[in-house]
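First the structure, in the form of structure tokens, and then the observations on it.
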Amino acid sequence: MRVPLEFEKPILELETRIAELEKYAQESGVGLEGELSVLRERLKKLQDDTYGNLTRWQRVQLARTPGRPTTLDVLGGVFQDFFELCGDRTFSDDPAIVGGLAYLEGTPVVVCGQQKGRDTKENIQRNFGMPHPEGYRKAMRLMDLADRFRQPFIAFIDTPGAYPGISAEERGQAWVIAQSIQRMARLRVPAIAVILGEGGSGGALAIGVGNRVLILENAWYSVISPESCAAILWRDAKEAAKAAEALKLSAPDLLQLGIVDRVIPEPGGGAHRDPATTLANLKTALLETLAELKDLGPEELFEDRYRRFRGLGVYAE
Amino acid sequence: MRVPLEFEKPILELETRIAELEKYAQESGVGLEGELSVLRERLKKLQDDTYGNLTRWQRVQLARTPGRPTTLDVLGGVFQDFFELCGDRTFSDDPAIVGGLAYLEGTPVVVCGQQKGRDTKENIQRNFGMPHPEGYRKAMRLMDLADRFRQPFIAFIDTPGAYPGISAEERGQAWVIAQSIQRMARLRVPAIAVILGEGGSGGALAIGVGNRVLILENAWYSVISPESCAAILWRDAKEAAKAAEALKLSAPDLLQLGIVDRVIPEPGGGAHRDPATTLANLKTALLETLAELKDLGPEELFEDRYRRFRGLGVYAE
Amino acid sequence: MALERLFRRRRAQGEVRDVPELWTRCPSCDAPIYKKDLEQNLYVCPKCSHHMRFPALRRIESLADAGTFEQTTRLKPADPLEFVDTEPYVKRLERYQKEAGRPDAIVGGRCLIGEVPSVLLVMDAAFAGGSMGSVVGEEIARGAELAAQENRSLVIVSASGGARMQEAALSLMQMAKTTLALDRLWARRLPYVSILTDPTTGGVTASFAAIADVIFAEPGALIGFAGPRVIKQTIRQDLPEGFQRSEFLLKHGMVDRVVDRRKLKEAVTRVLRQFVGGARAAGV
Amino acid sequence: MALERLFRRRRAQGEVRDVPELWTRCPSCDAPIYKKDLEQNLYVCPKCSHHMRFPALRRIESLADAGTFEQTTRLKPADPLEFVDTEPYVKRLERYQKEAGRPDAIVGGRCLIGEVPSVLLVMDAAFAGGSMGSVVGEEIARGAELAAQENRSLVIVSASGGARMQEAALSLMQMAKTTLALDRLWARRLPYVSILTDPTTGGVTASFAAIADVIFAEPGALIGFAGPRVIKQTIRQDLPEGFQRSEFLLKHGMVDRVVDRRKLKEAVTRVLRQFVGGARAAGV
Ligand SMILES: [Zn+2]
Ligand SMILES: [Zn+2]
């Protein structure tokens, strides 16, 4: 069982109490409907109050919650026949980025995304979803395939960031992120990026240069994690909640800023409470987005993407 | 002083004797012209006999002789303003391949080539001219620049072969050679390859896909070194001389087979006996070859290269 | 296994030779295998899944849709260098041809693979170690051009010790020729799948075999540029366990997947169908 | 040096402050340097060649041909997120602007470099650590587009701690925007030279700074993706000597050359002239 987040506790407690009462009522035959309906109403109100008013920091916590759908969950649950392709043909195969071929309702597409572990062991194997340069080179190979065979490219973002370690720096982490941004920008096929959970800085953007960028309701996307931001600006990583507010890193914020094009709703309480519904919503969004792009030719797709990112930024003349 | 090759010894001895006699004649005033002219005639005959009838194995030895012009000697002596560019933007900078920008009689060109050391220390630093994958990636980057700025690409081959070691295999030596062959084949600018000394197998061919392939008179180019071939077919590396004959790896052989397009003459005794003349001959050949290609457009250059290599091979229908 | 017990008992009784003609032994786990079983299992040990050498025609049967293969390879080798080592090349060729039952180290042609029109080329390690001379190079170039002309996918199964010494520099040139010919496919956006089998080294790995859209390797195959012996000589120390094997290459990012021979047709079909834009593979 | 002796003597006598206003000390070799000498030496220590921070306008003077620079950058920052940390972003901006004497962390425009028509953009580390927000991103994009329109080369001198936090995701997007804009140059076959100076890290390195035709780095500059402190925290051990310095990057193949600031104009000119097809550089 995962450890509940602080703000989830009252709701989970109430849910437990209702369940116990229901069980008791059923077993004992005692009529508790009146009491139960009061409790159910209170639960509904508590849920609405909590989930309807999530702070940005609470969303960040939800975005990191175990049980939230990962890239492989999406590839398995939204697409058909995912067929993994491995390797960067240069140095290694990076388990922090997965990708390959898939069908989306019969349409052949090329997919990739950062992959976090679904338990501690897998997390270590996948470096907590923090790619090395070879991961981005794998992504670029997949972009090459998408372009070559004129199939849409769909990327799933879920990373605290590109790995900040010696090995990654030695092999040109900055270089490969820049190359990946450039490669994705140059695609002559429809490109969609979906932020599933964490969208941590350049390591996220490297596969985020889509014609459309979608985001799950409780995912975040920012130039820096709230903790690191707090450590620098407040000189205290514990001020992460304040930093999260200031960074305006939530899905609704990003939609307003034009950084994402569509927010994909999550079921009440977050994606981890109902992955199936989350994936269904995601599928609908992907299909509609692909349909929007389907009449654009190769050069139009490139220019559309150029204009999208060219227009981002706020300044005074 | 380098150690003379076996077949050079009689000539070098005679040369020394003549020089001593000349010195004695001058100092003593004794008239030795008659004797000297006999000796000079004998020397000339000996030179003609030896250098005019070099065996293939003798040429291989000449191709490996210290003092023979290396790629950097050519870049310094034939071109102007060589400006080295480094790195593969991926893993490292390989000193076994050098390259960069240069001018050939005012024409801007992009150049690269394998570089052997000119002494033991440099040989170790340059891995005896045996590139790792990063060297070929550097070459490919230079090809990209040549294409991008529409400047001729000129490659100099002088390697016993791509490095056969664990590090090279781990990083995909075969893969990068294939990629480099493909990249060079796809150039839309004039591409010239010149075999300066040793043309050892795939590691040489990786930068050998020119519209024209030139070779110095005593250089060799083969699918395998004579020693390795002898070790396999004769089960004795000491039969290298036999293998060299069988492999027909000399410049005149290769010209006859259509594998090279032009043999660049070396001065009597080999390039190391007169590097200046060698470089002058090389320059003439390069200028004439560039002139041959200058009227071809980008696609024509590609097709010309395609046809050149497509046609190589002998078989029965 | 009853058969195995029987085999063991009979051997114990000294009734049969150690490996009777109907039987063979797995070189990896030493299990006795009934030859017919082995053939039916695509020359994969039913015990330990060790992949043994696979005859080229059986390979074609295992990949091409039944009844669709139509051979196009037909070239015969020449001896342009009049090469003689301890024996003339022409003599060796005669022997190879007799042993392998084909003119050179490659066989292939048109076929359907999972209903996708393809050109399938298979190298035959039984012929001169699968070495690449002018014939192999020319057949591969022609195969790529045929695929481009007829809008077919290209699938090449490699098994080769590298370039053929007896054609010297001409063999070397086949590396360039085959690589160039693949460009014709690229220009038509046709897929090319490369399958690396034991062994694939030297000039074959370093040309057409390494630059495919998708690369599969059979489990445990030796794959690399330099041969292990050459490397050992160079570095003067033993090579690490598993060095240059398929799984090593997967780890180092050089191949897309290591695929069991018995799943290979499914995998190839999956990839080809995707790239030719066909509908979802409905269970091969 | 007589001056140095004098300086030492006076200090020993306690006559002057440790660093008199006309003098400074090299942070690397501790040598006292007459400030005017330092300026004339492009802020490179005459003793040990340590490269100090170089004011942006002096940088432009050092690269542009005399009298040819015409500034085009002019944008001012906004505060789209109404960002407040321990202090509002707008307050910080005011202070930065006063300190640096310019509206944001970049300055540049048209000029000739070795007679080659160019757009030269210089980041100013004196402004908010040279961080990249919307203004820097937009000026770089416009610079690239200007170069493309007017057939000019592009030269960018980077000095930046990375993306600017106070513009959050909008700063992040500048990485994509600047990278995309470079494509306009590519399409016109115009050269782009990137010069990395101390420090160049984060989102600047990981976008336009890393994908130039030719990359130069000044000696000893800190260059990387993650900052050394972050890496130390991640790996919980000390970083190796010279890690993330220019020479380390050269060894790892990431930059073409490490070039002394005093030779930089010559090197840039050499490259630009070659790529614009001009005649051989006749000694800059
Ligand atoms: Zn077995
Ligand atoms: Zn100093």
Side-chain angles (χ1 to χ4, degrees), chain A residues 130 161-166 168-179 181-182 184-186 199 201-206 208-209 221-224 228-230 232-235 239 242-243 246-249 253-254 257-260 302 305-306 308-317, chain D residues 74-81 83-86 103-104 133-135 137-138 141 162-177 179-183 201-203 205-211 223-227 230-231 233-235 239-240 243-244 248-249 252-254:
Chain A
M130 294 184 290
Y163 181 60
I166 292 180
E169 295 288 325
E170 281 177 344
R171 303 202 287 274
Q173 189 72 285
W175 271 251
V176 81
I177 288 173
Q179 288 159 3
I181 290 171
Q182 184 180 52
M184 193 163 174
R186 288 179 174 172
S201 190
L205 176 65
V209 191
Y221 191 22
S222 169
V223 74
I224 189 167
S228 299
C229 180
I232 296 169
L233 293 182
W234 280 265
R235 301 183 187 282
E239 300 286 8
K242 282 187 194 162
L247 287 166
K248 298 207 171 40
L249 45 57
D253 294 325
L254 297 164
L257 288 163
I259 285 165
V260 303
F302 169 70
R305 210 177 302 117
Y306 190 94
R308 186 192 184 288
F309 284 90
R310 183 65 188 83
L312 291 173
V314 179
Y315 46 83
E317 288 281 339
Chain D
R74 58 192 171 85
L75 302 178
K76 295 181 205 58
D79 180 20
L81 305 183
F83 196 97
V84 179
D85 50 273
T86 53
D104 208 307
S134 295
V135 168
E138 183 68 20
R164 189 173 297 170
M165 276 178 286
Q166 290 88 348
E167 297 183 29
L170 283 171
S171 297
L172 184 62
M173 293 302 114
Q174 307 312 308
M175 291 172 64
K177 181 161 90 179
T179 304
L180 263 81
L182 295 174
D183 241 45
T201 60
T205 323
S207 61
F208 63 88
I211 48 173
I223 299 164
F225 177 61
V230 176
I231 299 174
Q233 271 171 26
T234 307
I235 62 167
L239 301 177
F243 179 65
Q244 290 188 317
F248 169 93
L249 285 144
H252 283 287
M254 301 302 156

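Order of the sequence lines fixes the chain letters, A, B, ..., with proteins taken first and strands second; residue numbering starts at 1 for each chain. These values consider heavy atoms only, across backbone and side chains, with no hydrogens, waters or symmetry-generated copies.
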Seminar exercise, completed: Closest heavy-atom pair, A168(D) versus V223(A), reported as atoms and distance to 0.1 Å, is O-CB, 3.4 Å
Problem set entry | Closest approach of K177(D) to G313(A) (non-hydrogen atoms, all atoms of both residues) | NZ-CA, 4.2 Å
Problem set entry | Gap between atom OG1 of T86(D) and atom CZ of R235(A) - 0.5 Å precision | 8.0 Å
For this session: Select one option (side chain, backbone, both, neither) describing which atoms of L182(D) are under 4.5 Å from chain A's heavy atoms.
Result: neither
Problem set entry | Leading residue by heavy atom contact count with chain D [cutoff under 4.5 Å; candidates Q182(A), R310(A), R186(A), K248(A)] | R310(A)
Exercise. Should V209(A) and L180(D) count as side-chain neighbours, where that means a heavy-atom distance under 4.5 Å?
Worked result: yes
Exercise. What part of I166(A) gets closer than 4.5 Å to chain D, counting heavy atoms only: side chain, backbone, both or neither?
Worked result: both
For this session: Kindly compute the distance separating OG (S201(A)) from CE (M175(D)), expressed to the nearest 0.5 Å.
Result: 6.0 Å
Exercise. Can you tell which of I177(A), L257(A), L233(A) has the highest number of heavy-atom pairs within less than 4.5 Å of chain D?
Worked result: L233(A)
For this session: Measure R171(A) against the heavy atoms of chain D and call it side chain, backbone, both or neither at under 4.5 Å.
Result: backbone
For this session: Give the minimum heavy-atom separation between A176(D) and F309(A), together with the two atoms involved.
Result: CB-CD2, 3.6 Å
For this session: Examine whether an atom of F248(D) lies under 4.5 Å from a heavy atom of chain A, and if so say whether it belongs to the side chain, the backbone or both; otherwise answer neither.
Result: side chain
Exercise. Which pair of non-hydrogen atoms, one from V135(D) and one from Y315(A), has the smallest distance, and what is that distance?
Worked result: CG2-CB, 3.8 Å
Problem set entry | K242(A), part contacting chain D, at a heavy-atom distance under 4.5 Å | neither
Problem set entry | Partners passing side-chain contact (heavy atoms from CB on, under 4.5 Å) against R308(A) (at least two apart in sequence or in another chain) | V213(A), D261(A), L312(A)
For this session: Report the option among Q174(D), R164(D), E138(D), H252(D) that has the most heavy-atom pairs separated by less than 4.5 Å from atoms of chain A.
Result: E138(D)
Exercise. Can you list the residues that meet the side chain to side chain donor-acceptor pair (under 3.5 Å) rule with S134(D), with sequence neighbours excluded?
Worked result: E167(D)
Exercise. For the residue pair G203(A) and F225(D), what are the closest heavy atoms and their distance?
Worked result: N-CZ, 4.5 Å
Exercise. Where does L81(D) contact chain A at under 4.5 Å (heavy atoms): side chain, backbone, both or neither?
Worked result: both
